[in-house]
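What follows is a short report on a single structure.
As a basis for the values below, the full set of heavy atoms in this structure was taken, side chains included, without hydrogen atoms, waters or symmetry mates. None of the values given here were measured: they were computed from a predicted structure. Counting from 1, the numbers follow the sequence of the chain as shown.
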Amino acid sequence: MEKRDLEQLLKEMSLKEKVDQMLQLSGAFYLGDENNVLTGPARDMGLEKEDLEMAGSILGAAGAKTLMRLQDDYMKKQPHHIPMLFMMDVIHGMKTIFPMPLAQGATFDPDLSKECAHAAAREASAMGLHVTFSPMVDLVRDARWGRVMESTGEDPYLNSCFAKAMVEGFQGEDLKEEGRVASCIKHFAGYGAAQAGRDYNTVELSEHTFREFYLPAYRAGIDAGAAMVMTSFNTVNGIPASTNQWLMRDILRREMGFDGVLISDFSAILETVAHRSSADESEAAVKALEAGVDIDMMTSVYAANLCRLVEEGKVEESLIDEAVTRILELKNKLGLFENPYKDADPEKEKKLILCKEYRDLARKAAAESFVLLKNDGILPLDLQKKIAFVGPYTENQEIKSSWSFTGDEKDCVTIKSAAREVFDAKRTSYHNGCPVIGKDVELIGFTGTEKKEISEQELQMMEEEAVLLAKEADFVVMPLGEHYLQSGEASSRAMLDLPEVQMELFRKVTAVNPNVVVVLFSGRPLDLREISAKARAVLTVWFPGTEGGHAIVDVLTGKTNPSGKLPMSFPYCVGQVPVHYNEYSTGRPNLPGMKEKFRSKYLDIPNAPLYPFGYGLSYTSFVISPVALDQDQMTKEGSITARVTVKNTGNCAGTEVVQLYVRDDFSSVVRPVKELKGFERVTLMPGEEKEAVFVIKEEMLRFFREDGSYGSEEGTFTVMIGNSSAVSEGAVFTLA
């Protein structure tokens, strides 16, 4: 449809019709009995039958046949036969589930995530979907916050690289192209900085920190062409994001140049009343509309109030026209006016869902995401030895995360099923040992309380059988971890340890057999002090998705050499959080070897995390040479090339992630001790060496200066290149 046709369509629409284009409802409103919906949920929300018939989009429904039928029913009733938008949280896979986003960050391979996003888009679009609420690019520094699993980590540069890659993977170059869906960047903005790591809590950031660390990844996703942005639940400068004109009009639209659709998060506009920043729903509607929010997700704030507010002269209809124009433009970019079903196709759906190509990709992505935190030589496993798999994730299919509800657990490959394909049955035993959680943990999931109770007698019997198998084995592999509902939305945790029932099993097993390998499932960094001290090896596998079992066995046996690096620091203990590598310099730094009391430090724990950002081991060893710069002076128009030689000094092929960090030595405002500015995955055979080259340009040195402007400052900079953020030695150049 041409632009002039859209403009004419808008002129012909009634005010009510336009307002309902700004309403998004759950698929539950359309998949059940209409009379029950009208007398139940719709009535409770203050919605009329007309609102249901003309709502511009729905979320949470999928399946080609279902959505084709819904589209037919909707367009017959819609006065101008405008197609409906179908949206869903396709976070890390539709039916083929890839590693959770934080795990994808651990690959330091944005191109791989781009492939995964494209595969997810193809499955989703074949099932009738048009929009995914992904990627979440919120910067995360506090492991207590459950939604860290949806981010790619604590670093602005790394997050920006993945934001760009995922948007491009979902959308391609043309949304009308087969197998593409519109991408929605979320949550704008600063949601990852919720105070005390408590979900939906207040965010309190200086504008400098907000701009310097939290905004870059959103900008990267928008620059990549993201069609949508979602508001966040939190406040920014004391004002809820969904009604924050400065945030949405000035920052998002004017500064970042975003001209796409802005949607609220689930009921976020209505929640400004609970924030007590809006007196009632009418005021919330006015404020959100004036802030530029186009779609109200799952409330009647717009639908029940905007028409009246226009008639009363309290809002300008031009603001509604502005919002509806953006919604119609998105539908047009997707080609829905010509093809309302887009790619929905039951036969294509059957062909694509969980196909071998996507399972193979999921297996590869999972293996690349695993981070080897410790290994004293026990890995890879010697298959000639007697091995016992003992732990609650040995044959658990709940390995796809709490934000992958579009997938099915029954499609997930367990460790046990994958191990049976490789390990000698005569030398291998399997036992769960205990449940994932004990009586001290309460879980509330999307479908109510998710917990299977076992008696104390049953637990004792499980432990005794498992310990006996462990005692008789040469090596014990212990698949342990969080329950999948212990991370994700509304899953904040004050303590970051494993469930006590698992720790008790771990202690009993290590007491009879010290040769223990822990395979750690989690949606966040955890407190691993005891596990790290007692286990001979620790492999973090996050929530790896559909092919998790195969990928884990690939790494345990050495078929795949682990190459993952931590995208988020693992704290020494919860008392450190939020903890991150790129902290500001202080006036009293606690330097290595310093014994003075009056320093920025703890009395009872170290400052450094247990495992820092960028850290991860391999089955081989690498040596990285000192940094060599091609010159020690750089003009603002020029560049400097930094080089290191990477050599594989071990006995097997492997991949090292070489990381470039830069420190601004002196500046008008305090700067981080170091900042990631580049990375490269280098794969080498034993004895092979290769040069890693990074080009440093002036724009990489810019920051928000004392006067609020964005730019670089003359002075010296230290360049550090290593295999984690713990690198400290470097070379110096001067920007003149």
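The CD1 atom of Ile185 sits 10.5 Å away from the CE atom of Met256 when rounded to the nearest 0.5 Å. Here the NE2-CE distance, from His92 to Met166, works out to 10.0 Å after rounding to the nearest 0.5 Å. Taking CG from Leu139 and CE from Met136, the interatomic distance works out to 9.5 Å, rounded to the nearest 0.5 Å. The distance from atom CG of Leu505 to atom CG of Leu498, rounded to the nearest 0.5 Å, is 11.0 Å. Note that CG of Leu102 is 8.0 Å distant from OG of Ser522, once rounded to the nearest 0.5 Å. Taken from OG in Ser600 to CG in Asn607, the straight-line distance is 6.0 Å, to the nearest 0.5 Å.
Not a single salt bridge (Lys or Arg N to Asp or Glu O under 4.0 Å) links Asp155 to another residue, sequence neighbours left out. Take Thr107 and apply the side-chain contact (heavy atoms from CB on, under 4.5 Å) test, not counting sequence neighbours, and it matches Asp109, Leu112, Phe162, Glu368, Ser369.
Looking at Glu698 and Lys636, no side-chain N of the basic residue comes within less than 4.0 Å of a carboxylate O on the acidic one, giving no salt bridge. Under 4.0 Å is where a charged nitrogen must lie from a carboxylate oxygen, and between Glu212 and Arg671 at least one such pair does. In this structure, Glu255 does not pair ionically with Arg249, as no charged nitrogen and carboxylate oxygen lie closer than 4.0 Å. Using a cut-off of 4.0 Å between Lys/Arg side-chain N and Asp/Glu carboxylate O, Arg681 and Glu656 are scored as not salt-bridged. With respect to Glu596 and Arg588, no salt bridge is recorded, no charged nitrogen being found less than 4.0 Å from a carboxylate O. Remark: Glu154 does not engage Arg141 in a salt bridge, criterion side-chain N to carboxylate O under 4.0 Å.
Listed here is the closest heavy atom pair of Arg524 and Phe570: O-CZ, 4.3 Å. Counting all heavy atoms, side chain and backbone alike, Gly575 lies closest to Tyr602 at O-OH, 3.5 Å. Of all the heavy atoms in Val657 and Phe679, the pair that sits closest is CG1-CB, 4.3 Å.
Between Ile437 and Gln502 there is no side-chain heavy-atom pair separated by less than 4.5 Å. Looking only at side-chain heavy atoms (C-beta outward), Leu701 and Asp664 stay at 4.5 Å or farther from each other. Between Arg493 and Arg144, every side-chain heavy-atom pair lies at or beyond the 4.5 Å cut-off. The shortest side-chain heavy-atom distance between Ser402 and Glu489 does not fall under the 4.5 Å cut-off. Residues Val203 and Gln195 are not in side-chain contact: their nearest non-hydrogen atoms beyond the backbone lie 4.5 Å or more apart. Proximity of Tyr157 to Pro216: side-chain heavy atoms (C-beta onward) are nowhere separated by under 4.5 Å. No side-chain heavy atom of Val673 sits less than 4.5 Å from a side-chain heavy atom of Asn582. Counting heavy atoms from C-beta outward, Ile721 and Val658 have side chains that approach closer than 4.5 Å.
Taking the six-membered ring wherever Trp is involved, the centroid distance between the rings of Tyr214 and Phe210 does not fall below 6.0 Å. The six-membered or imidazole ring of Tyr191 lies near that of Trp145, with a centre-to-centre distance under 6.0 Å.
Side chain to side chain, Glu675 and Tyr581 fail the donor-acceptor criterion of an N or O pair below 3.5 Å. In summary, the side chains of Ser160 and Tyr218 do not present any donor paired with an acceptor at a separation below 3.5 Å, with no hydrogens or angles considered. Neither side chain, Gln486 nor Tyr484, offers a donor N or O lying under 3.5 Å from an acceptor on the other. No donor-acceptor contact under 3.5 angstrom links the side chains of Ser277 and Thr272, judged on distance only. Between the side chains of Thr655 and Ser563, no donor-acceptor pair of N or O atoms lies under 3.5 Å. Between the side chains of Asp265 and Thr231, no donor N or O sits under 3.5 Å from an acceptor N or O. Side-chain contact check for Ser492 and Asp199: no donor-acceptor pair (N or O, by modelled atom type) lies under 3.5 Å. Counted by atom type alone, Asn648 and Thr620 present one or more donor-acceptor pairs between their side chains at under 3.5 Å.
Judged by a 6.0 Å distance limit and a 45° cone about the ring axis, Arg529 is positioned over the six-membered ring of Tyr572.
The neighbour count for Lys674 NZ, taken as heavy atoms of other residues, nucleotides or ligands under 6.0 Å away, is above 12. More than 12 heavy atoms of other residues, nucleotides or ligands sit less than 6.0 Å from atom CD of Glu699. No more than 12 heavy-atom neighbours from other residues, nucleotides or ligands sit within 6.0 angstrom of CZ on Arg198. Crowding of Lys534 atom NZ: a count of heavy atoms from other residues, nucleotides or ligands under 6.0 Å exceeding 12. Heavy-atom contacts from other residues, nucleotides or ligands closer than 6.0 Å to NZ of Lys677 number more than 12.
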Report task. Give the intermediate values and the outcome of salt bridge (Lys or Arg N to Asp or Glu O under 4.0 Å) for residues Glu500 and Lys439. Result -> CA-CA 9 Å; Glu500 185 60 24; Lys439 294 181 178 179; over 6 Å; no

Requested in this report: Please assess Asn234 against Asn201 for the test side chain to side chain contact (heavy atoms under 4.5 Å, CB included), listing each intermediate value before the final yes or no.
Outcome: CA-CA 6 Å; Asn234 54 277; Asn201 200 13; over 6 Å; no

Query - Verdict with reasoning, Ile251 to Phe188, per side chain to side chain contact (heavy atoms under 4.5 Å, CB included) - result: CA-CA 10 Å; Ile251 304 297; Phe188 200 78; 4.0 Å; yes

Query raised in the report: Under the side chain to side chain contact (heavy atoms under 4.5 Å, CB included) criterion, do Arg643 and Val693 qualify, and how do the steps go?
Result: CA-CA 5 Å; Arg643 289 180 166 85; Val693 181; 3.9 Å; yes

Do any side-chain atoms of residues 624-632 form donor-acceptor pairs under 3.5 angstrom with protein atoms, and if so which ones, sequence neighbours left out?
unit_1	atom_1	unit_2	atom_2	d
Ser625	OG	Thr645	N	2.8
Asp630	OD1	Thr641	N	3.0
Gln631	NE2	Ser639	O	2.8

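The aromatic rings of Phe108 and Phe613 sit tilted, their planes meeting at an angle between 30° and 60°. Taking the six-membered ring where the residue is Trp, Tyr584 and His208 present tilted rings, their angle falling between 30° and 60°.
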